[in-house]
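I have placed the structure first, in the form of structure tokens, so that the comments after it can refer back to it.
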Amino acid sequence: MPKKFYVVWVGRETGVFTSWSYTRKLVDKFPKAKYKSFKTQEEAEAAYATGRHAPGKNMVKKEAKSPARRIQSTVKAEVAKPPDLAIASTKSFGVNIYCDGACDPNPGEAASGAAVYREGRLTELWYGLYNPQGTNNSAELNALHQALSIAKGDTEKGKDVQIFCDSQYSINCITNWAFSWKKKGWKRKKEGDIKNLEIIRQAHEIYEKIRNNVVLSHVQAHVGIEGNELADRMAVFGIDRQAQYFFRYSEALDIQRILGFRTG
């Protein structure tokens with residue numbers, strides 16, 4: 001059991017973590033980073049959920065250096081981790097899903113991707129929903145919609161899920177703005193249609209059903225977070241394959257090889 005739990009409200013990735021060495025990578029030199037350590041998992045998760053960050057300076061003491069980590073990652077050793085990439089998942093959630101969209105150019109050919117970790121181990125990669133005339137926003141929303149669909153299956157099995165998305169726009173659409181739009185008959189305050197409305201409605205419907213068991217967190221794109229990088233490669237892979245449906249990647253989950261795929 002970890003001696004401390006670390007909450008990051010503002011950083012390269014947000015959430016509840018069990019490793020200070022990993023948490024430090026997320027907040028070190030990040031503008032206006034907000035983070036704090038807690039003695040129990042319950043305190044940390046409650047603080048993260050309510051957005052209660054530490055007053056004044058961030059209250060995390062540096063751990064003494066030692067050959068071994070004081071807090072062990074939950075990522076299993078058999079999952080290959082290339083050097084220079086941060087560990088994909090050290091959080092207390094049983095399931096972590098990273099999703100991403102790609103579009104080249106914007107607007108242009110678009111597709112979505114996802115990487116699923118269960119108990120810290122990469123178990124699934126997904127790609128597809130190719131659109132020859134898509135946008136970056138539509139690709140990101142499609143990716144988040146599919147991540148929520150995957151999460152729904154896990155929540156029905158009693159699992160708590162954390163979804164990581166590098167599109168703050170998509171997160172806001174589903175978890176914030178959609179509530180107001182729905183009350184107004186799916187209309188905005190000002191005149192004008194809501195772009196990507198159909199996919200937003202579908203994703204929000206799932207979110208409303210499972211939001212007590214799922215947390216959506218923003219993750220910084222292309223900063224070496226393994227799950228985010230894999231989701232990016234899958235999104236571009238979907239463009240290259242022109243995959244119209246959302247397919248599960250069927251080849252071996254060779255992380256180093258997949259990270260060598262074309263990036264978005």
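Since we're looking at a predicted model, the values are computed, not measured.
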For Pro107, is there any backbone N or O sitting under 3.5 Å from a side-chain donor or acceptor partner on Thr135? no
Which pairs with one or both residues in residues 204-216 pass salt bridge (Lys or Arg N to Asp or Glu O under 4.0 Å), sequence neighbours excluded? Lys182-Glu208, Glu205-Lys209
Sorted by chain and residue number, the side chain to side chain contact (heavy atoms under 4.5 Å, CB included) partners of Cys103 (sequence neighbours excluded) come out as Asn106, Ala110, Asn136
To the closest 0.5 Å, what do you measure between CZ (Phe247) and CZ (Phe237)? 10.5 Å
Residue pairs fulfilling salt bridge (Lys or Arg N to Asp or Glu O under 4.0 Å) with at least one residue in residues 155-176, sequence neighbours excluded: Glu119-Lys159, Lys152-Glu156
Nearest 0.5 Å, what's the CD1-OG distance between Ile171 and Ser217? 7.0 Å
Is the count of non-hydrogen atoms from other residues, nucleotides or ligands lying under 6.0 Å from Gln133 atom CD greater than 12? no
In sequence, state the C-alpha distance, the side-chain angles, and the governing distance for Ser37 and Trp20, and then conclude on side-chain contact (heavy atoms from CB on, under 4.5 Å). CA-CA 9 Å; Ser37 65; Trp20 167 239; over 6 Å; no
Which class fits the ring pair Tyr98 and Phe164: parallel under 30°, tilted 30 to 60°, perpendicular over 60°? parallel
Determine, stepwise, if the pair Tyr249 / Leu230 fulfils side-chain contact (heavy atoms from CB on, under 4.5 Å). CA-CA 11 Å; Tyr249 184 74; Leu230 290 171; over 6 Å; no
Other than Ile239, what residues sit in its cluster of Ile, Leu, Val, Met, Phe, Trp and Tyr side chains whose heavy atoms are under 4.5 Å apart, directly or through others? Tyr130
For the pair Tyr127 and Arg233, evaluate side-chain contact (heavy atoms from CB on, under 4.5 Å) and give the outcome as yes or no after the intermediate values. CA-CA 9 Å; Tyr127 67 94; Arg233 301 307 189 278; over 6 Å; no
Do the ring planes of Trp126 and Phe246 sit parallel (below 30°), tilted (30 to 60°) or perpendicular (above 60°)? parallel
Enumerate the residue pairs fulfilling salt bridge (Lys or Arg N to Asp or Glu O under 4.0 Å) with a member in residues 122-139, sequence neighbours excluded, ordered by first and then second residue. Arg118-Glu124, Glu124-Arg248
After noting the C-alpha distance and the side-chain angles of Trp177 and Ile194, does the key distance pass the side-chain contact (heavy atoms from CB on, under 4.5 Å) rule? CA-CA 11 Å; Trp177 302 330; Ile194 300 169; over 6 Å; no
Give the table of side-chain donor-acceptor pairs shorter than 3.5 Å for residues 141-150, with sequence neighbours excluded, one pair per line with atom names and distance.
| from | atom 1 | to | atom 2 | distance (Å) |
| --- | --- | --- | --- | --- |
| Asn142 | ND2 | Ser138 | O | 3.3 |
| Ser149 | OG | His145 | O | 3.1 |

